[in-house]
Amino acid sequence: MVSKFSAPRGTADILPLTIPLWQNIEYKARSVFHLYGYKEIRTPYFEELDLFCRSMGESSDVVRKQMLHLTSQQVEDVPQEEKKGLTLRPEGTASVIRSYIENNLDKQEGLSKLFYIGPMFRGERPQKGRLRQFHQIGAEAIGPESCDPLLDAEIIALSTQILNELGLKSYQLKINSLGTSEDKQMFSRLLREQLNPLRSSLCQDCQVRFELNILRVLDCKNKSCQSLIKGLNLTDAYLSEESRQYFLEVRKALDNLKISYEISLQLVRGLDYYTHTVFEISHSQLGSQDALGAGGRYNNLVGDLGGPSVDAVGFALGIERIILAMPEDQNKPVSGSIESFLIVLDDKAIERAFCLLQDLRKERISCEMSFKPSSLKSQMRLANKLQAQYVLILGEEELTQNKISLKEMKTGQQEKIGLSEIISVLKNKKKRIDSCCGHTPAVN
Ligand code: HAM
């Protein structure tokens, strides 16, 4: 027996009936980005490995364990910089910053507000809500002297507006401040003092984190580490007065916008680049992989990657997790409908019908027909399956009269129309429907 192929582990096909749901999510996200003045950017799906090592941090779980590397078969032809290794992008931030620097976007506008929607790749152990190829909706605001509490609050408001418009309600927003790089160092020192006596009780991963980046211990999902962390006396004593004031203003802005949040001193985020505000949005319906999205400020990354010294803040939401958390009546697969189905009852009518089919499509009226004439009953069944709004019937009688029968499926009303008029009749009907329903394009 010939063996069949399956999609690689941790990936999923998005089948035609689910595509309208994805298009709707993308359409709503794009429209919210437009409201906030964000423009789309598309970067390659793979980048130099070093980009992620230097941005997310060599010691981050993503870089240590989850990178999906590309190997080239033609090593001799590969340019020197690519020999260091190419890898599928595990997130969008580093790529956007690479592009911002490479294309001198800082010279084009004061504040670059960029968004992206697309696949990301992480070699994680797959489970519900955790895939190896998943999709993010993300945004980054980058620009000189853009470190402003209102911009942090705006980015949080933007991410929650997308979730709200998608009908998500019971999500929780957690925020924290890591302060400046110096504050982060102080945070690490204070944490080290508390964790040192407990070190041997930490899980294997946290033993490594203790050495490489101790703050990540706070992010550990291991149950025994979690209970150990709960017993720590975490405070924000590491924050300088300026950082504390900054965070206070972020919170004040969120309060004014009536965005509810919880301050979590444990929230440190798993990636190295963050400074000041960090946030995470979780949903109880998601189980152990409960983060719908996350983000924060990262003021040093552009400079660290060789660019100008400008500030930045951003977020990313996971589309697969959004779908899991959406109300059930909204995340079901739906079959789309077509406008018309052309039924041909006579072999002699096929040529004429085929030309009409193309003419309708040129006039942007969606239409299908069966190329092999069968009984009226079986073709009506097909038209129903495709949810056609109108059926056009071309039989021997119609052909001799140079007419076509038009049946409106909703009302059952049927009339004969001159073949030369059918396109304008359907176009007028379409115009009437569009103007009374307010047509929403599926794709923007
Ligand atoms: P992140 O927390 O690594 O942050 O990912 C953001 C979101 O992507 C997660 O909250 C989750 O919804 C989704 N996600 C991550 N990994 C997976 C996975 N394996 N399977 C399914 N969904 C997943 C970032 O990526 C940062 N770049 C966010 C950011 C933008 N910070 C500043 N700007």
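For ligands, and for the atoms within them, numbers begin at 1 and follow the listed sequence.
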Please produce the table of protein N or O atoms sitting under 3.5 Å from N or O atoms belonging to ligand 1, one pair a line, distance to 0.1 Å.
from: ligand 1; atom 1: 2 (O); to: Arg269; atom 2: NH1; distance (Å): 3.2
from: ligand 1; atom 1: 2 (O); to: Arg269; atom 2: NH2; distance (Å): 2.8
from: ligand 1; atom 1: 3 (O); to: Arg122; atom 2: NH1; distance (Å): 3.0
from: ligand 1; atom 1: 3 (O); to: Arg122; atom 2: NH2; distance (Å): 2.9
from: ligand 1; atom 1: 4 (O); to: Arg269; atom 2: NH2; distance (Å): 3.0
from: ligand 1; atom 1: 5 (O); to: Gln136; atom 2: NE2; distance (Å): 3.2
from: ligand 1; atom 1: 8 (O); to: Gln136; atom 2: NE2; distance (Å): 3.1
from: ligand 1; atom 1: 10 (O); to: Ala291; atom 2: O; distance (Å): 3.4
from: ligand 1; atom 1: 10 (O); to: Gly293; atom 2: N; distance (Å): 3.3
from: ligand 1; atom 1: 12 (O); to: Ala291; atom 2: O; distance (Å): 2.9
from: ligand 1; atom 1: 12 (O); to: Leu292; atom 2: O; distance (Å): 3.0
from: ligand 1; atom 1: 12 (O); to: Gly318; atom 2: N; distance (Å): 3.3
from: ligand 1; atom 1: 16 (N); to: Arg122; atom 2: NH1; distance (Å): 3.4
from: ligand 1; atom 1: 19 (N); to: Glu124; atom 2: OE2; distance (Å): 2.6
from: ligand 1; atom 1: 19 (N); to: Leu131; atom 2: O; distance (Å): 2.8
from: ligand 1; atom 1: 20 (N); to: Leu131; atom 2: N; distance (Å): 2.9
from: ligand 1; atom 1: 25 (O); to: Arg122; atom 2: NH2; distance (Å): 3.2
from: ligand 1; atom 1: 25 (O); to: Gln136; atom 2: NE2; distance (Å): 3.1
from: ligand 1; atom 1: 27 (N); to: Glu91; atom 2: OE1; distance (Å): 2.6
from: ligand 1; atom 1: 27 (N); to: Thr93; atom 2: OG1; distance (Å): 2.8
from: ligand 1; atom 1: 27 (N); to: Tyr273; atom 2: OH; distance (Å): 3.1
from: ligand 1; atom 1: 31 (N); to: Tyr274; atom 2: OH; distance (Å): 2.6
from: ligand 1; atom 1: 33 (N); to: Thr93; atom 2: OG1; distance (Å): 3.3
from: ligand 1; atom 1: 33 (N); to: Glu140; atom 2: OE1; distance (Å): 2.8
from: ligand 1; atom 1: 33 (N); to: Glu140; atom 2: OE2; distance (Å): 3.2
from: ligand 1; atom 1: 33 (N); to: Phe315; atom 2: N; distance (Å): 3.3

Original post:
Quick one: are Ile175 and Asp152 in side-chain contact, heavy atoms under 4.5 Å?
Top reply: no
**OP:** May I ask you to establish whether Arg192 and Phe210 are in a cation-pi arrangement, using a distance under 6.0 Å from NZ or CZ to the six-membered ring centre and at most 45° from the ring axis?
**Re:** yes
**OP:** Look at atom NE2 of His34 and say whether more than 12 heavy atoms of other residues, nucleotides or ligands are closer to it than 6.0 Å.
**Re:** no
Subject >> Carboxylate-amine/guanidinium contact Glu363 Lys430, below 4.0 Å >> reply: no
Subject >> Heavy atoms from other residues, nucleotides or ligands near NZ of Lys252 exceed 12 (cutoff 6.0 Å) >> reply: no
Original post:
Is Glu339 close to Leu426 at the side-chain level, that is, under 4.5 Å between some pair of heavy atoms?
Top reply: no
